Structure formats: C-alpha cells, structure tokens
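These numbers were taken from a predicted model, which means no experiment stands behind them.
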Amino acid sequence: MVTYFEASLNQISVHKVGNKMQDEYFTLSDHPLRINDELLQNLLMQYFLKPFEKVNEVFRLIHSTDDLELNEVFHFVKQLFADSSKFHEISQQITRHLFDVSSHPKIKGGEVYITLFDNVQIEGEVHQAIGVFKSETKETYLKVYPDGDGFSVAYEQEAINIQKLDKGCLIFNTEEDLGYKVVVIDQTNKSAGDAAVYWKDDFLKLKVRNDQFNQTTNYLNLYKDFVNEKIDEEFEISKPDKIDLLNRSMKYFKEKDTFDFEEFSEEVIGNEVAATSFKEIIQNYESEFDVEIGDNFEISPQAVKKQNSNYKSVLKLDKNFSIYIHGDRKLLENDFDEEKGMNYYKFYYKEEK
C-alpha cells in the first residue's frame, strides 16, 4: 500500500506530551531537529515508514458537523501543505492538540515526532506526506564492544526500538476535499478501554474510506458473526455445518473477482430465509455506521488474505481432540452412542497421509 524507496525526510520536529490526568505537561522544542548523519536519517525513515508497508486500510479526516475545517488536524495539515515555512510552528500546535485529548488516565506519555516527507507512494501515486508519530514504549539495550584483549558490556535505558512504532499516521497531500488519504498505526492494547481509541477517534477523527478492501473486510466480518452468533436464532445448526458455511464463504471470496449478493446467497448460504436475515444485518450495519457496502463490488485479495486467519475451521471436542475441517462436509457424520452416553463423529477418507 505504502512504499518509500523514493521518499526523503524534508523536515522533522520533536516534542513531548504527557497525560494531563496525571498532572503531566507537554514540552515543545524551540526549533526543528537538524539531522546531518545520513545513517540516522535512514534509521528514522525505517522507524517511521516501514510499518506502513503492510497497511491496507485508508482513512479520511472527518468532523461530526461535516465541516472539515473544524477538524483540528485537517486545519493544521492544510496550512502546512500550503506553506511549509510554518512547519515548526504548526508542529507545536499539533502537539498541543494531542495533549488536549490525552485525558484518559491510561494514556501513556511520550515523544511526538512531526515530519514532512517528499515522494511517498500510496496506491501507485507519489505525494508529499505529513507524518505524526508517538513513541510510548521504552526498552533497555545491551551493547558489547571490544575492550583491550577482551570485551566490555554497557547498557542504555529508556531507549526506543525502531522495529516497534507505537502510534503513527501519514496524511497525504491528495484528495483534500474528501479529508485527504490517511493511513494509521496504533499498537495500543485493546484492554486499555477508552485509551485505546483516542489516537484515531479523539486526536485524528478518522473514518475508514469505503473502498473494495473495506467492503470485502466488512462482508467477511459480518458473515462470520452471522454464522457464529446470529444464525442459531432461526435455525438449529451443528458446529460442523457452521464451519462448512464459513469454509464455503472463504472459498467464494478466494475464487471470485467480484462479489454478487444473489450469487453468494445461492452458492454459499443456500437458504432463502437465512439469506434474507443476513441481508438485514448488512442493511443495519450500513445504517448504523453510515457506510454503503453494496450488493456488488470488486473483491480485495489483500482483505481476503488478512481475514483468512480469522476464519477458524477447527472443531474442538472436549479437551481430547481438535478436528480441522477443510473439505467436503458430507464426509463427516455425527451421532450419539447410547451405550457410552456420548456423542461421536465418523469420518470417510480414501488414504492416510
């Protein structure tokens, strides 16, 4: 999705933000960071940009009133793209805004890096991009070096692992009227509750762009929830049959280039009542989240690959067995043994591998 082999780091400013609920404050630097070491610049490029190589979701900056100018980050970024001479001043304003929304007690303090990149590629097009990054997690590193006829060991505490970007976003100078193209990294632990959403929701105020990746992801997630949780409300269905429904849906998305609801209903769901019920779930989702998924769209192979690991085809029997079901459901039978008072499964196969 994002590549940076042509990119260059134009400007960078570093500040620090604490948590106001913990009586911490923010610290603003007086001038941009000057980097004369080429190796250090390359390491920073890797730290900031490499995590976005595997990001597929594209977001938009939004505001609840539909007036983009009321989105603080949009307002600052628009100024910066128009006049980069104000870079450091605007980086300070962005940092103040981040501090203002850092009000949950579980939000960690850390360094904030505001950057201006040239020639970053997204979706095959090269653009200028503004990056906002935050490092929260610190680690201790050992360093072994020659010392006379032996070696010595030193350490550095509170250091940053450049392989682990805690939070970051890239805002590309394109499609301004729609809220720009934005990609995001947020490694906050989901158990942090409200603190886990402040980066995307309170600071940036984002909405996922409705494209084929998002449409494919939504359909696969909604169908998985429908089969695992909702279908029992209308049908008596065994766990192997649920796994078969999930396997057939994944097979459909892997083999087709385009999704068609009528075709999917006939080939995968195979029941008119269930198809109608699933259709209502889609419509409710569209209404609740103000997004149109549609009955026809191009399937995103990247989204299918990402969701494939979430589609579990494992049948767990007590604590004794885990059965992986990948193929023909008709080759698996289940029944009840009166003598043993236990359920059992029967498998049919041609050869053992």
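For the residue pair L245 and R248, the shortest heavy atom distance occurs at CD2-NH2, 3.2 Å. Heavy-atom minimum distance, G131 versus L170: CA-CD2, 4.0 Å. F226 and S277 get closest at one heavy-atom pair: CE1-OG, 3.7 Å. Closest non-hydrogen pair, M250 versus N308, comes out as CG-OD1, 3.4 Å. F48 and T115 get closest at one heavy-atom pair: CE1-CG2, 3.9 Å. When all heavy atoms of L206 and L61 are compared, the pair lying nearest together is CD2-CD2, 3.5 Å.
In this structure a side-chain-to-backbone donor-acceptor pair under 3.5 Å is present from H104 to K106. Checked by atom type and distance alone, the side chain of S300 pairs as donor or acceptor with a backbone atom of A303 at under 3.5 Å. Listed for the E333 side chain is no donor-acceptor partner under 3.5 Å among the backbone atoms of F347. Without hydrogens or angle criteria, T3 side chain to F5 main chain gives no donor-acceptor distance under 3.5 Å. Without hydrogens or angle criteria, N19 side chain to I107 main chain gives a donor-acceptor distance under 3.5 Å. Side chain of H63 to backbone of L68: no donor-acceptor contact under 3.5 angstrom is found. With S91 contributing its side chain and I114 its backbone, the two residues share no donor-acceptor pair below 3.5 Å. Without hydrogens or angle criteria, D318 side chain to N320 main chain gives no donor-acceptor distance under 3.5 Å. For N271 (side chain) and A274 (main-chain N/O), a donor-acceptor pair under 3.5 Å exists by modelled atom type.
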Exercise. Report the C-alpha separation of Y141 and E139 in whole Å, then their side-chain angles, then the decisive distance to 0.1 Å, and conclude whether the side-chain hydrogen bond (donor to acceptor under 3.5 Å, both in side chains) test is met.
Key: CA-CA 7 Å; Y141 289 92; E139 299 180 4; 3.2 Å; yes
Practice problem: Go through the steps for F336 and Y344 under the test ring-ring contact (aromatic ring centres under 6.0 Å, His included), then give the verdict. | Solution: CA-CA 6 Å; F336 184 78; Y344 69 88; 8.5 Å; no
Self-check item: Verdict with reasoning, I299 to D257, per side-chain contact (heavy atoms from CB on, under 4.5 Å)
Solution: CA-CA 5 Å; I299 292 174; D257 295 323; over 6 Å; no
Quiz item: Y198 and F203: ring-ring contact (aromatic ring centres under 6.0 Å, His included), yes or no, with the steps?
Solution: CA-CA 6 Å; Y198 89 98; F203 173 54; 7.7 Å; no
Quiz item: Do K164 and T137 pass the side-chain contact (heavy atoms from CB on, under 4.5 Å) test, and can you show the C-alpha distance, the side-chain angles, and the key distance before you say yes or no?
Solution: CA-CA 9 Å; K164 298 178 181 180; T137 305; over 6 Å; no
Exercise. For E111 and K138, run salt bridge (charged side-chain N to carboxylate O under 4.0 Å, His left out): C-alpha distance rounded to whole Å, both residues' side-chain angles, the deciding distance at 0.1 Å, then the answer.
Key: CA-CA 11 Å; E111 292 78 22; K138 303 299 190 298; 2.9 Å; yes
Practice problem: Go through the steps for Y180 and F59 under the test ring-ring contact (aromatic ring centres under 6.0 Å, His included), then give the verdict. | Solution: CA-CA 8 Å; Y180 297 114; F59 292 80; over 10 Å; no
Practice problem: Could you walk me through whether V17 and S102 pass the side-chain contact (heavy atoms from CB on, under 4.5 Å) test, one step at a time? | Solution: CA-CA 8 Å; V17 167; S102 300; 4.0 Å; yes
Self-check item: Trace of the salt bridge (charged side-chain N to carboxylate O under 4.0 Å, His left out) decision for D186 with K167
Solution: CA-CA 5 Å; D186 188 356; K167 287 178 170 57; 3.4 Å; yes
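Under the 4.5 Å side-chain heavy-atom criterion for grouping Ile, Leu, Val, Met, Phe, Trp and Tyr, V227 is connected to V273 within one hydrophobic cluster. I62 and V184 sit in two unconnected hydrophobic clusters of ILVMFWY residues. Membership requires side-chain heavy atoms under 4.5 Å apart, directly or through other members. Under a hydrophobic clustering in which Ile, Leu, Val, Met, Phe, Trp and Tyr are joined whenever their side-chain heavy atoms come within less than 4.5 Å, directly or via other members, I237 and V268 fall into the same cluster. No single ILVMFWY cluster, assembled from side-chain heavy atoms under 4.5 Å apart, contains both L70 and F81. F213 and V182 fall into different hydrophobic clusters, where Ile, Leu, Val, Met, Phe, Trp and Tyr side chains are chained together by heavy-atom contacts under 4.5 Å.
The aromatic rings of Y252 and F259 sit perpendicular to each other, their planes meeting at more than 60°, with 30° as the lower class boundary. Using cut-offs of 30° and 60° for the angle between ring planes, the F261 and Y219 rings count as tilted.
Looking at D166 and K134, their side chains never come closer than 4.5 Å, going by heavy atoms from C-beta outward. Proximity of E267 to K256: side-chain heavy atoms (C-beta onward) are separated by under 4.5 Å at one or more points. In this structure, K230 and I281 have side chains that are in contact, with non-hydrogen atoms separated by less than 4.5 Å. Contact annotation: the side chain of V101 never approaches that of W199 to less than 4.5 Å [non-hydrogen atoms, C-beta and beyond]. With contacts defined as side-chain heavy-atom distances shorter than 4.5 Å, the pair N42/Q46 does not qualify. Under the 4.5 Å side-chain criterion, counting only non-hydrogen atoms from C-beta, Y348 is not in contact with L332.
Comment: K50 engages E53 in a salt bridge, judged by a side-chain N to carboxylate O separation of less than 4.0 angstrom. Salt-bridge formation is detected for the pair E69/K78: a Lys NZ or Arg NE/NH1/NH2 atom is positioned less than 4.0 Å from an Asp or Glu carboxylate oxygen. Between K205 and D201 there is no salt bridge, since none of the side-chain N atoms of the basic residue sits less than 4.0 Å from a carboxylate O of the acidic one. Ionic pairing of E24 and K108 is not present here: no N-O contact between side-chain nitrogen and carboxylate oxygen is shorter than 4.0 angstrom.
For the residue pair Q307 and T217, no side-chain donor N or O sits within less than 3.5 Å of a side-chain acceptor on the partner. In the model, H15 has no side-chain atom that pairs as donor or acceptor with a side-chain atom of T27 under 3.5 Å. Y47 and Q163 share no donor-acceptor pair across their side chains, judged by distance under 3.5 Å alone. Side chain to side chain, Q157 and Y155 fail the donor-acceptor criterion of an N or O pair below 3.5 Å. Of the N and O atoms on the side chains of H97 and Q93, not one donor lies less than 3.5 Å from an acceptor on the other residue. Side chains of D83 and S85: a donor-acceptor N/O pair is present below 3.5 angstrom, by distance only. For the residue pair S135/Y113, the side-chain donor-acceptor check at 3.5 Å is satisfied.
Evaluated for a side chain to side chain contact (heavy atoms under 4.5 Å, CB included) with L43, the options D37, I35, I162 yield exactly one hit, I162.
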Distance-only check: which donor-acceptor pairs under 3.5 Å involve side-chain atoms of residues 285-292, not counting sequence neighbours?
{"residue": "Y285", "atom": "OH", "partner": "N218", "partner atom": "OD1", "Å": "3.1"}
{"residue": "E286", "atom": "OE2", "partner": "I293", "partner atom": "N", "Å": "2.8"}
{"residue": "E286", "atom": "OE2", "partner": "G294", "partner atom": "N", "Å": "3.1"}

Below 3.5 Å, can you tabulate the donor-acceptor pairs from side chains in residues 117-124 to any protein atom, sequence neighbours excluded?
{"residue": "D118", "atom": "OD1", "partner": "Q128", "partner atom": "NE2", "Å": "3.3"}
{"residue": "D118", "atom": "OD2", "partner": "N10", "partner atom": "ND2", "Å": "2.9"}
{"residue": "E123", "atom": "OE1", "partner": "K181", "partner atom": "NZ", "Å": "2.7"}
{"residue": "E123", "atom": "OE1", "partner": "R209", "partner atom": "NH1", "Å": "3.2"}
{"residue": "E123", "atom": "OE2", "partner": "R209", "partner atom": "NH1", "Å": "3.3"}
{"residue": "E123", "atom": "OE2", "partner": "R209", "partner atom": "NH2", "Å": "2.5"}

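The distance from the CZ atom of R96 to the CD atom of E72 is 14.0 Å, given to the nearest 0.5 Å.
Other residues, nucleotides and ligands contribute over 12 non-hydrogen atoms within 6.0 Å of the CG atom of D177.
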